[in-house]
Amino acid sequence: SQTIHQWPATLVQPVGSPLSLECTVEGTSNPNLYWYRQAAGRGLQLLFYSVGIGQISSEVPQNLSASRPQDRQFILSSKKLLLSDSGFYLCAWNQKKIYGYTFGSGTRLTVV
Amino acid sequence: SQKIEQNSEALNIQEGKTATLTCNYTNYSPAYLQWYRQDPGRGPVFLLLIRENEKEKRKERLKVTFDTTLKQSLFHITASQPADSATYLCALAPPSNSGYALNFGKGTSLLVTP
């Protein structure tokens, strides 16, 4: 069966520090992968999506970046966090057809 | 600009009644629309997908309608239960990308009381 792993579950980081969030999918190959952020009281904001290794599309310009070094691994990074980067970060995947997404359990990031 | 609008006010209903949630959209021409459930502190969970050529879709106590002329989808939960209390999100794919990256509405919070 397919599973998605996302870690860490919570993270408190100082302003200006780097960030690395990792997401891996098991039990499938060549998935579409997505990063979303959900700020308090706001909807899900699409940050990045990837349809294959090394293929990253950015939806919102900001100080975040994403990479897909392996087929089932998706990494969200920042060199220097801002207070506004606080939020609930969610990774998701689906197959290359119009199927629903499967989301990870999320990372609650607080930048202090 | 593209918008997905869901009622921001929480919907409170009594157990056993039918809950109806609305999703309206502008500047989309979606081939399909999806509904998700999100519990506090958790990732959304996929519930239903309805295609543009389907007027209605059912899954157990859930029913979704899709009116591409009105640019609206309705999500119904019949015989609602307290366990149905959650936030429900609708989602569409904007035409500008590969078609798989979804935009989500902000969701409507449903509270079912005994």
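For clarity, every value in this text was computed on a predicted model and none was experimentally measured.
Taking R42(A) as the reference, nothing meets the salt bridge (charged side-chain N to carboxylate O under 4.0 Å, His left out) condition, with sequence neighbours excluded.
Residues of residues 76-85 of chain B having a heavy atom under 4.5 Å from any heavy atom of chain A: none. Residues of residues 21-29 of chain A never come within less than 4.5 angstrom of chain B, heavy atom to heavy atom. Within residues 35-47 of chain B, the residues having any heavy atom under 4.5 Å from a heavy atom of chain A are, by residue number, Y36(B), Q38(B), G41(B), R42(B), G43(B), P44(B), F46(B).
Cation-pi contact between R51(B) and Y32(B): absent, since separation from the ring centre below 6.0 Å together with deviation from the ring axis within 45° is not met.
Ring centroid separation for the pair Y36(A) and F104(B) comes in under the 6.0 Å cut-off.
Nearest approach of L82(A) to D85(A), heavy atoms of both residues: N-OD2, 2.7 Å. The two residues T108(B) and E9(B) make their nearest non-hydrogen contact at CG2-O, 3.8 Å.
When atom types are taken as modelled, the side chain of S78(A) and the backbone of N63(A) share a donor-acceptor pair closer than 3.5 angstrom. Side chain of S50(A) to main chain of Q55(A): a donor-acceptor pair is present (N/O by atom type, distance under 3.5 Å, no hydrogens or angles).
Taking the six-membered ring for Trp and thresholds of 30 and 60 degrees, F75(B) and Y88(B) have ring planes inclined between 30 and 60 degrees apart.
Heavy-atom distances place no part of Q45(A) under 4.5 Å from chain B, backbone and side chain included. No part of S57(A) comes within reach of chain B, as not one of its non-hydrogen atoms sits under 4.5 angstrom from that chain. At a 4.5 Å heavy-atom cutoff, I4(B) makes no contact with chain A through either its backbone or its side chain.
Donor-acceptor pairing under 3.5 Å is lacking for the side chains of N32(A) and Y101(A). At a cut-off of 3.5 Å, with distance as the only test, no side-chain donor of R72(A) or Q2(A) sits close to an acceptor on the other residue. In summary, the side chains of E5(B) and N24(B) do not present any donor paired with an acceptor at a separation below 3.5 Å, with no hydrogens or angles considered.
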Could you please spell out the steps behind the salt bridge (Lys or Arg N to Asp or Glu O under 4.0 Å) verdict for K17(B) and E15(B)? CA-CA 6 Å; K17(B) 302 292 186 183; E15(B) 182 176 10; over 6 Å; no
